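What follows is a short report on a single structure.
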Amino acid sequence: MAGRLILVFCFLGAVVAGAAQVWMMAAREGLARLEERAEADLRLASDRLVSALLQFREIAVLAAAHPDVAALARAEAGVAPEAVAAVLRRIADQAGARDILLLSPEGRVLAGEAVPLDRWPLTPDLRRAARGASGRHHLVDPATGERMFTFAAPVFRENGPVAGIVLLRIEAEQVEAPGRGDPVPVWFTDTAGVAFVANRSEMVFETEARPVSLEGVYPPGTPLHAPARRTRMVAGTPLQEGGAYLPALALPVSQPLPVISMTGHALADATGVMRSARAQALSVALAALAVGAVFLALWERRRALAARLAAEARANAALEQRVAARTAELSAANARLRQTQAELVQAGKLSALGQMSAGISHELNQPLMAIGSYAENAELLLERGRGAEVGENLARISDMARRMGRIIKNLRAFARQEAEPATRVGLAAVVEAALDISQMRLARAGVSVDWQRPDFPAIVMGGEVRLSQVVVNLLANAADAMADSATRQITIRIARGDRPDRIVLSLRDTGPGIAEPEKIFDPFYSTKEVGTGEGMGLGLSISYGLVQSFGGTLRGENVSEGGALFTVDLQAAPEIARGGPKEEAQ
Ligand code: ADP
């Protein structure tokens with residue numbers, strides 16, 4: 001800000017200095033031209049004065065040569081002074097002179113009109129003429145106060161000496177008159193420094209304040225005065241100002257005129273020159289200011305632009321900082337998320353492990369119990385010596401053991417999430433195998449089973465062992481549920497599904513129904529007493545997973561007549577869907 005102010009002031013200073021320079025140069029050049037013109041004007045006026053004065057001297061000389069004048073001066077007989085005076089009068093009238101006199105070399109008036117004096121004072125011109133040369137003089141007439149130029153011409157005798165002097169007088173106004181209308185004031189000073197001739201009347205008798213040798217030229221009472229003008233230096237040139245009939249500002253020029261022993265002076269009007277110099281300086285200053293203003297505006301715009309760019313850069317930097325901070329936050333959150341996920345996976349693994357081990361004991365318990373009852377049976381039969389039936393029981397035991405092996409294998413597969421691929425399975429055979437396994441238990445619980453084989457070959461996609469596990473589980477749940485029921489019956493049916501590629505197995509019991517149908521498939525949900533070894537709450541959730549892995553669904557609901565209804569909706573094997581050959585159930 002301060003820098004800009006200083007710059008502006010410097011610029012303004014430079015503009016002022018430049019304008020002053022321009023003004024100075026223009027003034028000098030204009031004044032030089034003005035001086036030339038003024039000198040020319042002065043030369044013209046001087047020429048006019050000099051030639052007029054020379055002309056009057058000629059007339060004086062011619063008058064001196066007039067025979068009558070010469071005769072009177074030589075005092076020759078027959079020449080009347082009156083006649084000579086008349087001749088001189090005539091010449092004076094024709095020349096425009098005030099008067100012409102004939103004087104003796106001593107100054108006595110020989111001929112002349114209306115001259116009060118008989119002796120003429122010997123002015124320098126008369127003394128010169130008495131010595132034989134023509135002379136000229138100027139003076140203020142003491143009698144009338146008029147400024148006069150006088151011209152004296154000698155009249156010689158035959159043998160040489162001066163016999164008389166012709167004195168011609170003219171008023172200074174006579175020679176001033178032609179220059180009166182000149183626009184340029186012109187005046188002429190004599191050797192005493194007094195303005196004797198001037199084309200402005202108020203300049204007459206002007207003189208600088210210095211001793212004037214009056215020498216009889218200016219009698220006492222002559223109104224000598226100092227000029228009213230002041231001299232002032234302008235553009236290295238002394239100019240003059242003031243004066244009522246003079247230009248406000250003027251350039252003085254002067255020219256010595258040795259022929260008439262005077263110095264010519266002129267005052268040229270310099271106001272026009274100064275005005276034009278001022279105008280030039282002003283226009284230069286204005287142009288410079290305009291250019292400066294444009295520069296200033298451009299500079300300002302550049303500064304503003306730079307400031308805006310800087311602000312944008314700052315804003316960008318702030319934004320980037322915020323983005324970086326946010327990114328850091330996000331990556332931290334991501335890291336936390338990944339850790340949480342890992343923890344969840346671990347927890348899931350643990351839960352799956354728990355499910356698996358629970359499943360193993362649960363699933364193996366039933367065949368183990370079956371094996372136990374077959375073995376007891378075999379013992380009784382052996383005691384009674386019914387060997388054939390013992391063998392039958394033993395065969396069933398080994399069948400059970402094989403089945404247990406397969407269960408373990410399946411559970412392992414289930415735990416590894418690698419179920420064996422689904423194959424074609426006869427659903428009726430699966431149901432009958434499950435009934436086989438559960439037979440003892442159902443009998444003990446007093447449950448009767450209503451089972452009808454389907455009238456169509458119900459071949460589904462699935463795993464035989466796993467499907468029979470599901471059915472065994474459903475049978476066990478039904479038996480448990482009906483423990484306190486008066487009627488204990490399970491109805492098992494196989495039917496075609498809603499769509500041709502579906503087959504539905506349904507089990508209905510006559511128990512109290514499901515207490516909370518929406519919760520039964522949750523792991524560890526159980527309404528059974530803890531510690532019975534049965535109620536782990538895993539049977540249905542494992543069954544649900546198995547059925548789902550075959551592309552089927554397991555549902556549990558209550559029927560309006562009472563009791564629970566479980567349905568297993570399974571994918572029919574492709575041959576059935578395409579109406580292929582019937583398959584024999586087991
Ligand atoms: P658990 O048999 O170990 O309790 P399940 O997952 O097999 O575990 O069964 C979960 C629950 O579903 C049972 O505790 C019971 O409340 C309910 N449930 C299952 N089957 C039936 C049924 N046939 N009738 C009524 N409730 C049943």
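Note that ligands are numbered from 1 as they come in the structure, with each ligand's atoms numbered from 1 the same way. These numbers come from a predicted model, not from an experiment.
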Salt bridge between Arg441 and Asp480, side-chain N to carboxylate O under 4.0 Å?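 Salt bridge: yes.
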Please determine if Glu36 and Arg33 form a salt bridge, counting it only when a charged side-chain N lies under 4.0 Å from a carboxylate O.
->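 Answer for the salt bridge query: no.
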- prompt: Does Leu540, backbone or side chain, put an N or O under 3.5 Å from an N or O of ligand 1?
  reply: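 By distance alone, the answer is yes.
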Review point. For Ser541 and ligand 1, does the shortest N/O to N/O distance drop below 3.5 Å?
Key: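 No, there is no polar N/O contact under 3.5 Å.
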Checklist entry - Donor-acceptor pair, Thr510 side chain versus Thr487 backbone, under 3.5 Å? => result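 Yes; judged by distance alone, with no hydrogens or angles, the pair exists.
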Sub-4.0 Å heavy-atom approach of Gly513 to ligand 1: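 Checking ligand 1 against Gly513, which is what was asked, there is a heavy-atom contact under 4.0 Å.
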Discussion item. If we only consider heavy atoms of Ala515, is any one of them less than 4.0 Å away from an atom in ligand 1?
Written reply: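 So Ala515 does not count as touching ligand 1.
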Looking only at heavy atoms, is any part of [X] under 4.0 Å from ligand 1, and if so is it the side chain, the backbone, or both, or is it neither?
X: Ala564; answer: side chain
X: Phe566; answer: side chain
X: Thr527; answer: both

*Should Met400 and Ile437 count as side-chain neighbours, where that means a heavy-atom distance under 4.5 Å?*
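Yes. Closest side-chain heavy atoms under 4.5 Å.
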Residue Tyr525 vicinity, atoms of ligand 1 by number, heavy atom under 4.0 Å |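 Counting atoms of ligand 1 from 1, those under 4.0 Å from Tyr525 are 10 (C), 11 (C).
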**Study point:** Proximal atoms of ligand 1 relative to Asp509 (non-hydrogen, under 4.0 Å)
**Key:**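 Near Asp509, meaning under 4.0 Å from one of its heavy atoms, ligand 1 has 22 (C), 23 (N), 24 (N).
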Could you give the distance from CG (Leu267) to CD (Glu241), rounded to the nearest 0.5 Å?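 CD of Glu241 is found 12.0 Å from CG of Leu267.
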If hydrogens are left out, which of Ala479, Pro517, Ser526 has an atom nearest to atom 4 (O) of ligand 1, that is, the closest non-hydrogen atom?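 Looking at heavy atoms only, the winner is Ser526.
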Among Asn473, Ile520, Leu474, Asn477, which residue places a heavy atom closest to atom 17 (C) of ligand 1?
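Among Asn473, Ile520, Leu474, Asn477, the closest heavy atom to atom 17 (C) of ligand 1 comes from Ile520.
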Run Leu540 and Phe566 through side-chain contact (heavy atoms from CB on, under 4.5 Å) and show every step you take.
CA-CA 11 Å; Leu540 281 182; Phe566 282 83; 4.0 Å; yes
**Report entry** Option from Leu251, Asp269, Leu249, Leu34 for which side chain to side chain contact (heavy atoms under 4.5 Å, CB included) with Met274 holds
**Finding:**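 Among Leu251, Asp269, Leu249, Leu34, the one meeting side chain to side chain contact (heavy atoms under 4.5 Å, CB included) with Met274 is Leu249.
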| query | Between Phe456 and Arg496, is there a cation-pi geometry (under 6.0 Å to ring centre, at most 45° from the normal)? | reply |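 That pair qualifies as a cation-pi contact.
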